Structures are given as structure tokens and as C-alpha cells.
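Computed from a predicted model, the values in this text were never measured in an experiment.
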Amino acid sequence: MKLSIGPGALVAAAFIGPGTVTACTLAGANFGFALIWTLVFATFATMILQGMAARLGVAGRLGLGEAMMASTDSPVLKYLAGSLVLAAILVGNSAYEAGNLAGGALGLDALFGGSSGTPTTAHTLLIAGLAAAALATGHYKTLERILIGLVLLMSAAFAASFVLVRPDLSDLVTGLVPSIPTGGLLTAVALIGTTIVPYNLFLHAASSQRRWTEVTPGAVAEARADTRLSIGLGGLISLFILSTAAATLFESGLQVSSAAEMAVALEPISGAGAKQIIGVGLASAGLTSAITAPMATGYAVSEIMGRGKEGQSSVFRMAAILVLCLGLAGAISGIRPTELILFAQAANGLLLPIIAIVLLMAMNRNDLLGDYTNSRSENVLGAGVVAICFLLGGRLILRTLGLWP
């Protein structure tokens, strides 16, 4: 079996966006290494769910939206389910896109001297223009190559920042013990919501279907290996970001509200190079996610509406452009990027269990997957992920309503 970086890299590109960078930065800056366990759980949970999504695409020859619409023969239920998911994805991904564009612009600001915490309009428009140009190609292979290149650049940048600050590994290990520090619940849910991103399940199933065109044991095994490699890389990058913030900002007591501010704050601690390194990483993260969020929306909308999924289809393009435009409007509205990003992450943390349940139901249908349905252990792991996400999300809702201390 020959393994090449494929759809899993698109998923890694999608979830290592400004939301992940911001959530990991705030987690490290505010709580040190205490929430490392949340990141590790989220990474393994992502491997489990994204592995199912990839298998659905390869073995079932279906996207997640198609599988959802095939789950019932009732036109009313199809309409209600489709409308609910479409609304959630369009609203959620538009908020995501605003954070992606603003976060990428903040990376450019950090590179070129800005430090206000509010992205310049010119840099925001530049990131949006680059994303639009990439999406306009309409060719999956071209987009894949662009995103893989950006992921590798982003990985190198954040790995360099980790090496630069040299965090204490013993402190890092202590963070593997599950606990939620005072005031850390929203950040914990945001870390999960920014890692196990619901729209990535649509993206992975659709892109895997295109990458592997034959249903064979070898293709399924290769898709699984690709998922583990790429998601593992994404989790490692997140670990680098959180550890960098914990080892510098938390230890020194510096307060920041975004990764761009972290880049500036690190300069007197680690030298001028830190600012450029994190600026490159953040700009790359913003651009990759600014491309993949509209892509995922286009796939989901096309599948649910039954109008074709290819990048050249009119429904795909209209959905992708709509998310990009709404995201751009949000990014230049003057709302702080951190507020946009944390809202999108927390919302995704609450939406995730619903989408995950839809995926689990599809993965147990013999008529869709034949011999490639979930095993008992896969169902137990998937149900465990859903249960933990429900508990954390439910606790957050109850606490917001004043019903949980």
C-alpha cells in the first residue's frame, strides 16, 4: 500500500485555522498546560469520527449530506432535517469564515508591524481574494495541492515557535490529567469545537469519495492511514501552539486576547524571530481555513439539495461564494476576531453531537456500506465521543442559564 497525503490533509488544513490557533493560545495563556488533556482527547476523537467519514466516502460512495437524506423515506423528515443542517452549516461556517479571514489578516499584520488586535481591511481583503482565487479553479486536485503546501508551511512555523521557547516537558505531561480549572469550561468546549469541526465531516466524506474511486480493502485501509497521519499532524501543531503560549505567556503573566497579540508579546521574550514565525503560521492557517470552510459548505449544500457536488456545479459555487461573502462582511464589521472565533468554536462544540449522531447512524447501515459498517468497538468509541461532547456542551448551557455552579 502506497500512502500519499490526501483528503486528511484538507481536514488538517480546515481545523488548524485561526480558531484553533486562538483557542490554543488562550488556553495556554490563561490556564497553562491544564487543558492539554482536552486537546489530546479532541485529536483522538477527531481521528475516530473523521475515519468514519472517510470510510463513508470510500466504501459507501456517499457524502454525509447524501447519507443523511437517504436515512428516511419521509419527504417531511427529509425537508426538516435538511433545513436544520443547512441553516446550522451556513450560519456556523459564515461565522467561521469571518474568523478565518480576520485571523489570516492578523497574521499579515503581525508580519508587517501591526499589533492593534483588529485586522486591517487591506489584509482582510487580500486573504479573501486569495481564497476566492483558489476556489475559482473548481478543480479538486489543484485545491488539494495548494492546501497541502500551506499546511506544511504552517506546520514548520508553529514547530519552530515550540522549539524557540523550549517548554518544560514535565509540565506538559501534568496537563494530561483531566481537570477543568476555574473559568476554563468555555475554553475547553472551544478547544473541542475547533478540533472536531462538524463541517469537516462533510468535507472529508466528499473529498475521500473523489480521491478513491474504487471500493477495495486497500482503498479503505489507505483512507484510514491517511486520516490518522493527517489528524495526528494537526493535533501536534495544536499542541505546539498551546505549549508555546503556556511556557511563555502563562509563566510570565502576560495577558493577550489573540495569537497576533501573542506574536508581539513573544518578541521581548524569544527575540524578533518569534513575531515573524507566528505571523506566517497564523496567516497560513487563516488562508487554508478560508478556502476549506466554503468548500465544505458547497459540498454539504449540494449533497442535501441533490444538485451535484463537483466544484464546477452552480449550487456548489453559489454556496461557497455566499459563505465567503458573509464571512468577509463579518470580518470587516469591526467585531473583534477573538469574539467571532470563540462564538463559532463554542457553537460548533454544541452542534457536534447532532452531526456525529447522524454519522454514526449512517455507519451502521448495511444497505449503504455492506461489509464496511462500523464494528462494535467503533460504535462504542463513537458513542463515547458523542457522550463526552454532550456532557461538556450541556454543562456549558446549564452554567450559562445559571443552573450549574
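Remark: side-chain polar atoms of D109 are paired, donor with acceptor, to backbone N or O of T120 under 3.5 angstrom. Using a distance-only test at 3.5 Å, with no hydrogens or angles considered, a donor-acceptor pair links the side chain of S207 to the main chain of H204. Judged by distance alone, the side chain of R224 and the main-chain N or O of V220 form no donor-acceptor pair under 3.5 Å. A distance-only check finds no donor-acceptor pair linking the side chain of E97 to the backbone of G327 [under 3.5 Å]. Between the side chain of T288 and the main chain of A285, a donor-acceptor pair closer than 3.5 Å is present. Proximity of a side-chain donor or acceptor of T174 to a complementary backbone N or O of D171 within less than 3.5 Å is detected.
Aromatic ring centres of F250 and F31 lie farther apart than the 6.0 Å criterion allows.
Residues that satisfy the side-chain contact (heavy atoms from CB on, under 4.5 Å) test with I357, not counting sequence neighbours, are M361, V386, F390. In terms of the side-chain contact (heavy atoms from CB on, under 4.5 Å) criterion, residue partners of T121 (sequence neighbours excluded) are, by chain and number, L125, I332.
Note that CD1 of I127 and CG of L328 are 11.5 Å apart. Values are rounded to the nearest 0.5 Å. L64 CG to I355 CD1: the interatomic distance, rounded to the nearest 0.5 Å, is 6.5 Å. The distance from the CD1 atom of I304 to the CZ atom of F202 is 5.0 Å, given to the nearest 0.5 Å. From L26, atom CG reaches atom CG of L242 across 10.0 Å, with rounding to the nearest 0.5 Å. To the nearest 0.5 angstrom, L191 atom CG is 6.0 Å from T38 atom OG1. Rounding to the nearest 0.5 Å gives a distance of 4.5 Å between CG of L172 and CD1 of I36.
Within the 4.5 Å cutoff, no side-chain heavy atoms of S208 are placed close to those of L56. F41 places none of its side-chain heavy atoms less than 4.5 Å from the side chain of P178. Inter-residue side-chain proximity for L201 and Q50 is flagged as met; some heavy-atom pair is nearer than 4.5 Å. Two residues are said to be in side-chain contact when any heavy atoms from C-beta on lie closer than 4.5 Å; Y299 and Q209 fail this criterion. Side-chain contact check for T373 versus N364: every heavy-atom pair is 4.5 Å or farther apart. Looking at heavy atoms from C-beta onward, L62 lies out of side-chain contact with E303 at the 4.5 angstrom threshold. Side chains of L203 and N200 form a contact here, defined as non-hydrogen atoms less than 4.5 Å apart.
Annotation for P181 and A34: closest pair CG-CB, 4.1 Å, computed over non-hydrogen atoms. Here the closest non-hydrogen pair linking A283 and L108 is CB-CD2, 4.0 Å. V315 approaches S302 most closely through the heavy-atom pair CG1-OG, 3.7 Å. When every heavy atom of I241 is checked against every heavy atom of C24, the shortest pair comes out as CG2-CB, 3.8 Å. The minimum heavy-atom distance linking N93 with V323 is given by the pair O-CG1, 3.7 Å. Among all heavy-atom pairs drawn from S289 and N100, the shortest one is O-ND2, 3.1 Å.
Screening residues 40-55 for salt bridge (Lys or Arg N to Asp or Glu O under 4.0 Å), with sequence neighbours left out, gives R55-E378.
When L381, T227, I231 are each tested for a side-chain contact (heavy atoms from CB on, under 4.5 Å) with I48, only one passes: L381.
Within 6.0 Å of OH in Y372 there are more than 12 heavy atoms belonging to other residues, nucleotides or ligands.
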